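Chain A is the first sequence line, chain B the second, and so forth, proteins listed ahead of strands; every chain is numbered from 1. Being a predicted model, the structure only gives us computed values, none of them experimental.
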Amino acid sequence: MKSRFTSLLVTLFALAFLYIPILTLVMQSFNSSRFGGEWKGFSLKWYEALFNDAAILDATLNTLIIAFCATILSTILGTLSAWALHRFKTKLQEANYTLVYAPLIMPDILMGISLLLLFVSMGADLGLATVVIAHTTFCVSYVAFTVLARLQDFDFSIIQAAQDLGAGWGRIIRQILLPLLWPGIAAGAMMAFTLSMDDFVVTFFVGGPGSTTLPVKVFSMMKHGSPAIINALSVIFMSLTFTVAIAGQIITNKKSHK
Amino acid sequence: MADLHLKNNLARSFSSKSFVEIFLTMPTALWLVLFFVIPSILIFTIAFHCADSAGGIGSEWTLETVKKVASSNYVAILWRTIWVSAAVTVICILFAVPVGYFIACANRKIRPWLLLFFVLPLWTNFLIRIFAWRLVLHPDGFLRKSLIFCGMSDEVFLLNNMGAVIAVTVYTFLPFAILPVYAAAEKFNFALLEAARDLGASRFKAFYSVFIPGIKKGIITALLIVFVPALGSYAIPDLIGGVSDELIGNKIALRAMQNRNLPEAAAYAAVLAIIIIAPIAVWFAFNRKNLRAFIKARMGGER
């Protein structure tokens with residue numbers, strides 16, 4: 001079992017590699033020394049400083065507003081598109097499929113610069129609106145493919161049956177589609193929300209002075225020396241994304257157990 | 001009469017069906033054409049304009065921008081971008097294959113947990129991960145101090161060099177590489193390895209000439225999923241690298257954000273777009289299954 005032993009070693013090394021920086025960060029956020037390799041005692045002063053920083057609270061608010069709007073828009077667009085991709089097998093849908101997966105391949109920086117070029121050519125003011133549009137654009141494909149995966153095991157004869165029994169589309173959507181597709185749509189929405197909250201590169205390109213999000217704020221703080229409050233901010237931000245992501249995971253799991 | 005009635009019915013249901021299709025397809029398709037397709041084309045067209053004095057885009061067509069970029073040191077930067085991305089990709093694969101093998105061999109019950117442990121770091125913010133590395137590699141951080149304690153000369157600096165850029169980029173993409181390799185390894189028939197051993201192959205030989213070819217597709221998906229975004233790195237070289245470590249992504253950001261010369265930024269972006277499209281087009285041209293595997297791996301990290 002030598003190769004098993006080697007792969008165990010590599011796996012353990014990879015896990016250490018992945019977690020040492022995160023643990024360092026969490027520890028450091030409670031360390032009262034600024035950068036030190038040494039521990040100068042437990043302290044919550046960075047958290048205190050963090051909550052008294054108005055610029056950070058502003059950035060948090062922006063992050064949440066943008067994530068909320070982009071999630072709603074991309075969930076609607078992505079779900080419609082997934083439905084079309086699943087229901088129809090036409091030439092139009094083949095083209096549509098290409099259109100929906102292409103953004104997944106595009107690196108962030110190209111998406112950022114290309115949207116900046118568009119907004120500047122249109123003479124649009126860079127701000128919350130442009131960031132929401134950009135985030136919606138890169139979230140749509142993720143939502144569409146998440147919902148599409150859930151649609152694969154959806155039984156369309158139910159709709160037929162409902163129609164035969166005289167149900168209108170309004171009723172079908174309210175009483176059949178939404179309840180059955182809800183877990184898939186929710187998983188897609190969760191994913192859009194985390195992607196949006198997490199994004200730095202695209203926001204950096206298409207944002208304006210009034211749309212600074214937390215990642216952009218963290219970036220500029222890092223550029224101008226590294227104030228230790230980023231430690232505390234990171235830990236809070238990390239717990240936030242973890243919560244949303246794990247909630248998404250639980251919803252997904254529940255669905256797959258049914 | 002009945003026949004005509006049936007025909008009418010058919011025609012009506014057909015047209016209402018295609019109406020539904022268009023109603024469902026168009027909102028998203030229009031959105032993506034407006035905010036994805038057109039911007040992508042703009043990258044290539046705006047490269048043929050000049051910047052105006054206000055930081056906007058001049059209205060005349062010109063070859064000036066392209067000439068200026070072509071005569072700059074862009075080849076050196078492009079070359080550096082490619083080799084750094086290639087090095088990152090190779091290191092990720094070297095980790096991902098044994099890890100994927102290990103997880104696929106593990107007990108069914110602990111497999112999802114192992115996988116979760118490898119994906120979890122993806123859920124922390126990208127910048128926060130970079131920041132964490134700055135703490136680890138900081139001159140006053142524990143890593144440099146322990147290296148010096150272990151007898152390294154105190155001239156060793158861990159931050160602001162290419163090695164650090166590569167390490168942090170590997171850190172960022174490793175989970176993405178592990179997912180497709182694991183997905184392929186999970187479907188691999190491990191009895192083949194035993195058969196090879198029974199026929200006299202050494203452990204290494206069996207692993208190398210039976211297991212690796214068996215998970216080839218997973219490895220290629222992992223290659224693309226690391227290589228392509230690595231080519232577009234911007235924040236990591238900017239925050240972890242030194243002054244001479246800039247990659248093409250930094251060039252794009254510098255021109256677009258600091259110098260406000262959008263046409264030049266577009267020209268650099270066009271170069272990047274071309275070297276990204278090439279490997280992907282070749283791989284997906286082979287068949288559509290490759291594409292589905294890619295999409296699955298790309299989304300896997302976010303699930």
Considering all heavy atoms, the nearest B:Ala256-A:Phe205 contact: CB-CE2, 3.9 Å

Whether B:Tyr171 and A:Phe17 hold their rings parallel, tilted or perpendicular, with breakpoints at 30° and 60°: perpendicular

Atom group of A:Pro107 that falls short of 4.5 Å from chain B, counting heavy atoms: side chain

Test log, rule side chain to side chain contact (heavy atoms under 4.5 Å, CB included), inputs B:Asn125 and A:Leu214: CA-CA 10 Å; B:Asn125 182 276; A:Leu214 270 182; over 6 Å; no

CA sep, side-chain torsions, deciding dist, call: B:Tyr234, A:Phe204, ring pair (Phe, Tyr, Trp, His ring centres under 6.0 Å): CA-CA 11 Å; B:Tyr234 155 62; A:Phe204 179 66; 5.7 Å; yes

Trace of the side chain to side chain contact (heavy atoms under 4.5 Å, CB included) decision for A:Val10 with B:Phe102: CA-CA 9 Å; A:Val10 177; B:Phe102 182 80; over 6 Å; no

Side chain / backbone / both / neither for A:Met197 at chain B, heavy atoms under 4.5 Å: backbone

Heavy-atom proximity to chain A below 4.5 Å, by part of B:Leu239: side chain

Under 4.5 Å from a heavy atom of chain A, the part of B:Ala270 involved: neither

Step-by-step side chain to side chain donor-acceptor pair (under 3.5 Å) determination, A:Thr136 to B:Trp31: CA-CA 9 Å; A:Thr136 305; B:Trp31 181 284; 5.6 Å; no

Most contacts with chain A, counted as non-hydrogen pairs under 4.5 angstrom, among B:Ala265, B:Cys105, B:Ser40, B:Gly249: B:Cys105

CZ-CE distance between B:Phe131 and A:Met221, expressed to the nearest 0.5 angstrom: 8.0 Å

Steps toward side chain to side chain contact (heavy atoms under 4.5 Å, CB included) verdict (B:Met257, A:Ile113): CA-CA 10 Å; B:Met257 310 308 289; A:Ile113 183 78; over 6 Å; no

Among B:Ile43, B:Val33, B:Val37, residue most engaged with chain A (heavy-atom pairs, under 4.5 Å): B:Ile43

Proximal component of A:Val100, with respect to chain B [non-hydrogen, under 4.5 Å]: both

Gap separating the OG atom of A:Ser234 from the CD1 atom of B:Ile130, nearest 0.5 angstrom: 11.5 Å

Which of B:Val136, B:Leu127, B:Leu32, B:Val99 touches chain A most, by non-hydrogen pairs under 4.5 Å: B:Leu127

Part of B:Leu42 lying under 4.5 Å from any heavy atom of chain A: both

Nearest-0.5 Å distance, CG of residue A:Leu99 to OG1 of residue B:Thr28: 9.0 Å

Interatomic spacing from OG1 in A:Thr11 to CD1 in B:Ile103 - rounded to 0.5 Å: 6.5 Å

Pairwise side-chain contact, A:Lys223 with B:Asp238, heavy-atom cut-off 4.5 Å (strictly under): yes

Evaluation steps, side chain to side chain contact (heavy atoms under 4.5 Å, CB included), between A:Leu85 and B:Thr25: CA-CA 8 Å; A:Leu85 284 171; B:Thr25 311; over 6 Å; no

Side chain / backbone / both / neither for A:Leu104 at chain B, heavy atoms under 4.5 Å: both

CG on A:Leu115 to CD1 on B:Ile38, rounded to 0.5 Å: 11.0 Å

Under 4.5 Å from any heavy atom of chain A - which part of B:Leu224: neither

Chain B contact via A:Phe119 - side chain, backbone, both or neither, heavy atoms under 4.5 Å: side chain

Per-residue contact mode, A:Ser239 against chain B (heavy atom under 4.5 angstrom): neither

Side chain, backbone, both or neither of B:Arg260 within contact of chain A (heavy atoms, under 4.5 Å): side chain

Which portion of A:Ala95 sits near chain B, non-hydrogen atoms under 4.5 angstrom: neither

Max heavy-atom pair count under 4.5 Å with chain A, selected residue of B:Phe204, B:Phe126, B:Phe95, B:Phe118: B:Phe118

Considering all heavy atoms, the nearest B:Ala269-A:Leu110 contact: O-CD2, 3.5 Å

Heavy-atom pair with the smallest gap, counting every atom of B:Arg134 and A:Met222: NH2-O, 3.3 Å

Nearest heavy-atom neighbours spanning B:Ala132 and A:Pro21: CB-O, 3.5 Å

